[in-house]
Student: 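Just dropping this structure here.
As the structure lists them, so they are numbered: ligands from 1, and atoms in each ligand from 1.
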Amino acid sequence: MLNCHYCQSEASTYVRYAKMHLCKEHFISFIDKKIESTLKRYNMIRKNSRILIAISGGKDSAVMLSSLSKIELNLLPVYLDLGIENYSIEARRICERLVSMLGMKLIIISLKDLIGMELSELAKRAHRPYCSVCGTVKRYLLNVVALYAEVEKIAMGHHLDDLITLIFKSLLTQRLEDIAKLGPKTESMEGLIGRIRPLYEIAESENSLYAEYSNLPYLNFKCPYAHRGDLEIMIKDFINRLEENFPGIKISIARYMAKNVDKFKSEMKWMNCKSCGLPSSSECCSFCRIIKRATGESGSIVKEKIKEKIIDVLS
Ligand code: SF4
Ligand code: ZN
Ligand code: ZN
């Protein structure tokens, strides 16, 4: 039996890159400290900031919320219910359980309440793939909630393995401009709230252990539309083998990338969407184009509905 590096309890896991055997309790505090130092290292937030926490029902956002709840921050957990069959119903239940377990209040934004239809119908009417519509809708809704809730940043639960996998994929496919979006944070600008990734240096396996040791509720099945390509699976396998041979290399890669992501930024010409007024790279933002095509209405109606909801919830 091996003892924990910090106490006399039996160790539950070995963290290779830190060369430490840890019991459950000390593993949780090791990850909490790592997340707190990630916030500081990348200058993600200021003390007492109000942060929107995007939770999905999955284990990564559950770990992020649970860990950040231990720091002096004003957290606003938000769940976007896009109406994806049983997946959304179950995810919503889990988010409610998690948030009440942590003694917080959850804001739920339902796509059906906003536009009268769920994701699958919206995508069909807009003639676009589900995941592409889902990504656009989520980005837009989170930004509008963040604007009206006057938060400083939006925290996303993307972890180290997914980020490095996407960086390698962008290099292999030469979509270099995508790398600019894979750093630890983006800055805010007028009408667009910046994002932070508190799990930037936390591996997927660490998230799993943290969620298990902390008894966090999370969904154990994936979205029915989820599809991970063979290339991503092979890259992930490759970086995990690299980590086995060179413990700590994933974190080193993430730190190198954090210094260089801005070099991959393409010159974006921002304008205001003619429909909703928010920043857009074209005359009409992609959200408003989807809504117009699917419902015939303007995206600004959705914006107004969210504004009313947020004023109501926060008053
Ligand atoms: Fe959205 Fe599901 Fe696609 Fe993920 S897999 S982007 S949740 S539709
Ligand atoms: Zn211990
Ligand atoms: Zn718009």
Student: So, is C284 placed with an N/O/S atom under 2.8 Å from the Zn ion (ligand 3), counting both backbone and side chain?
Tutor: no
Student: Which heavy-atom pair separates A123 from Y130 by the least distance, and what is that distance?
Tutor: CB-CD2, 3.3 Å
Student: Under 3.5 Å, is there a donor on one side chain and an acceptor on the other for Y218 and D60?
Tutor: no
Student: Do D312 and K309 meet the salt-bridge criterion of a basic N to acidic O distance under 4.0 Å?
Tutor: no
Student: Work out which heavy atom in R92 is nearest to a heavy atom in D81; give both atom names and the distance.
Tutor: NH1-OD2, 2.9 Å
Student: Please check if any side-chain donor atom of S282 sits under 3.5 Å from a side-chain acceptor atom of R289, or the reverse.
Tutor: yes
Student: With atoms numbered from 1 as shown, which atoms in ligand 1 lie under 4.0 angstrom from a non-hydrogen atom of A226?
Tutor: 5 (S)
Student: Might you point out which heavy atoms bring A258 and Y42 nearest each other, and give the distance in Å?
Tutor: CB-CE2, 3.5 Å
Student: To check your reading of the model: name the closest protein heavy atom to atom 2 (Fe) of ligand 1, its residue, and the distance in Å.
Tutor: C223 SG, 2.3 Å
Student: How far is atom 8 (S) of ligand 1 from its nearest protein heavy atom, and which residue and atom name does that atom have?
Tutor: Y225 CD1, 3.6 Å
Student: Considering only protein heavy atoms, which is closest to atom 3 (Fe) of ligand 1, and at what distance to one decimal place?
Tutor: C131 SG, 2.3 Å
Student: Going by heavy atoms, is K138 under 4.0 Å from ligand 1?
Tutor: yes
Student: Has C23 got an N/O/S atom less than 2.8 Å from the Zn ion (ligand 2)?
Tutor: yes
Student: Take the Zn ion (ligand 3) as the vertex and measure to SG of C285 and SG of C273; round to 10°.
Tutor: 110°
Student: Which protein non-hydrogen atom lies closest to atom 6 (S) of ligand 1, naming both residue and atom, and how far is it?
Tutor: C134 SG, 3.7 Å
Student: So, for P77 and I55, which heavy atoms are closest and what is the spacing to 0.1 Å?
Tutor: CB-CD1, 4.3 Å
Student: Looking at H26, which of its N, O or S atoms is the nearest one to the Zn ion (ligand 2)?
Tutor: ND1
